[in-house]
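Comments concern the structure below.
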Protein chains: 2
Amino acid sequence: MGVTKTQNFSGAQNRVARIAKVLGHPARIAILEYLIKQQVCICGDLVDVLPLAQATVSQHLKELKAAGLIKGEVEGTSVCYCINEPVWEEARDILLNLFNLPLSNASCCK
Amino acid sequence: MGVTKTQNFSGAQNRVARIAKVLGHPARIAILEYLIKQQVCICGDLVDVLPLAQATVSQHLKELKAAGLIKGEVEGTSVCYCINEPVWEEARDILLNLFNLPLSNASCCK
DNA sequence: ATAGTATATCGTAATATTACGATATACTGT
DNA sequence: ACAGTATATCGTAATATTACGATATACTAT
């Protein structure tokens with residue numbers, strides 16, 4: 001993403017942006033939706049379900065894991081991925097905080 | 001952002017990702033927070049407030065405008081930028097839809 | 001008309017992202 | 001031990017993002 005002067009913005013601003021950035025790719029949305037929907041998180045299935053190569057899916061999973069939104073558990077040969085609920089909820093709250101700020105400029109700009 | 005096989009994902013997935021992507025940079029979060037806070041959206045001020053060059057601020061504003069989250073109105077020499085409420089609320093709803101999906105895997109992965 | 005101010009756009013360097021094939025790693029069953 | 005399966009990592013090409021100086025555009029006041 002180019003250079004991004006992260007250090008010049010507040011911790012809170014960076015936190016919102018970080019979460020949003022991870023959500024900023026349709027493949028990662030698809031992965032999250034799949035993990036949310038499945039009772040059992042059979043996760044090799046993701047490679048079958050998604051229109052992407054195995055290496056690419058693995059890379060997206062890595063980013064979601066790095067952001068803490070999902071967690072993975074080795075189960076024999078395969079790995080079980082799931083939503084990491086506490087972080088997932090924290091992410092929702094952080095985004096909601098932004099959207100719930102009171103708009104004070106109702107009459108501004110037509 | 002590399003190639004992004006957008007066309008292989010659903011419209012809904014792309015919509016979520018598109019919104020999140022725009023929110024995925026601290027400068028744009030800072031801009032949005034500023035516009036939300038200010039009663040009057042004196043917008044040349046953004047250049048003073050943000051730790052970025054004028055051209056860079058303009059570029060971020062353009063992206064926010066392209067996503068529909070803000071709107072701009074020329075006022076003499078300067079331009080007044082504001083939150084575009086309908087789209088802003090739609091964005092919140094689209095993100096909330098994702099976070100409000102029922103998690104069916106409470107007992108999955110330790 | 002001219003100078004001054006504000007914002008947008010252009011061009012471009014540095015860096016990040018996306019995607020995938022190839023390969024490495026790790027486990028399972030024989 | 002060995003072959004087979006599942007996942008992760010490496011290397012890399014194509015493309016996107018970020019940032020900024022320079023310049024263009026647009027309006028205002030004199």
Query raised in the report: Has A:Y81 got a side-chain N or O lying under 4.0 Å from the OP1 or OP2 atom of D:dA6?
Result: no

Report task. Please work out if B:T77 contacts a base, only the sugar-phosphate, or nothing of the nucleic acid, heavy-atom cut-off 4.0 Å. Result -> base

Query raised in the report: Between A:K21 and C:dT17, is there a side-chain N or O to OP1/OP2 distance below 4.0 Å?
Result: yes

Query raised in the report: A:S78 side chain N/O closer than 4.0 Å to the phosphate oxygens (OP1, OP2) of D:dA6?
Result: no

Query raised in the report: Nearest to the side chain of A:H25, which nucleotide is it out of D:dT18, C:dT9, C:dT18?
Result: C:dT18

Report task. Grab the two heavy atoms, one from B:L98 and one from A:I36, that are nearest each other, plus how far apart they are. Result -> O-CD1, 4.2 Å

Query raised in the report: Want to settle it: does B:T6 or B:C43 sit nearer the 5' end of DNA chain C, counting the closest nucleotide to each?
Result: B:C43

Query raised in the report: How would you list, by chain and number, every residue that makes a ring-ring contact (aromatic ring centres under 6.0 Å, His included) with B:F99, sequence neighbours excluded?
Result: A:W88

Report task. Examine C:dA19: is either OP1 or OP2 under 4.0 Å from a nitrogen or oxygen in the side chain of A:H60? Give yes or no. Result -> yes

Query raised in the report: For A:K62 and B:E63, take the nucleotide of DNA chain D holding the closest heavy atom to each; which residue's nucleotide lies nearer the 5' end?
Result: A:K62

**Report entry** Approximate separation, where rounding is to 0.5 Å, of A:K21 NZ and B:L23 CG
**Finding:** 13.5 Å

Query raised in the report: Which base sits across from D:dA24 as a Watson-Crick or G-U pair, both distances under 3.5 Å?
Result: C:dT7

Table of protein N/O atoms under 3.5 Å from nucleotides 20-23 of chain C N/O atoms:
unit_1 : atom_1 : unit_2 : atom_2 : d
C:dC20 : OP1    : B:K5   : NZ     : 2.4
C:dC20 : OP2    : A:A53  : N      : 2.9
C:dC20 : OP2    : A:T56  : OG1    : 3.2
C:dC20 : N4     : A:Q59  : OE1    : 3.3

**Report entry** Sugar-phosphate only, base, or nothing, as touched by B:E75 at under 4.0 Å among non-hydrogen atoms
**Finding:** nothing

Query raised in the report: C:dG29 pairs with which nucleotide, Watson-Crick or G-U wobble, both distances below 3.5 Å?
Result: D:dC2

Query raised in the report: Taking all non-hydrogen atoms of both residues, which atom of A:C80 and which atom of A:C43 are closest, and how far apart?
Result: C-SG, 3.7 Å

Requested in this report: Please state how far atom CG in B:L64 lies from atom C1' in D:dT18, giving the value in whole angstrom units.
Outcome: 14 Å

Requested in this report: Over all heavy atoms of both residues, which pair between A:N14 and B:P26 is shortest? Give the atoms and the distance, please.
Outcome: OD1-CG, 3.4 Å

Query - Rounded distance (Å) that lies between atom P of D:dT17 and atom CG of B:L23 - result: 15 Å

Query raised in the report: Relative to the 5' end of DNA chain C, which residue comes earlier, B:D45 or A:V74, by the nucleotide with the nearest heavy atom?
Result: B:D45

Requested in this report: May I have the distance from A:L61 (atom CG) to D:dT9 (atom P), rounded to whole angstrom?
Outcome: 11 Å

Query - Rounded distance in Å - CG (A:L50) to C1' (C:dT18) - result: 14 Å

Report task. Please step through side-chain contact (heavy atoms from CB on, under 4.5 Å) for the pair B:V16 and B:F9, ending with a clear verdict. Result -> CA-CA 11 Å; B:V16 182; B:F9 296 96; over 6 Å; no

Query raised in the report: What's the verdict on side-chain contact (heavy atoms from CB on, under 4.5 Å) for B:Y34 and B:D45, showing C-alpha distance, side-chain angles and the deciding distance?
Result: CA-CA 10 Å; B:Y34 186 84; B:D45 295 354; 3.3 Å; yes

For residues 55-70 of chain B, which side-chain donor-acceptor pairs fall under 3.5 Å, sequence neighbours excluded?
unit_1 : atom_1 : unit_2 : atom_2 : d
B:H60  : ND1    : B:R28  : NH1    : 3.0
B:E63  : OE1    : B:R28  : NH1    : 3.3
B:K65  : NZ     : B:Y81  : OH     : 3.4

Query raised in the report: CD1 of A:I29 versus C1' of C:dT18: gap in Å, rounded?
Result: 16 Å

Report summary line: In whole angstroms, the gap separating P of C:dA6 from CD of B:E73 amounts to 18 Å

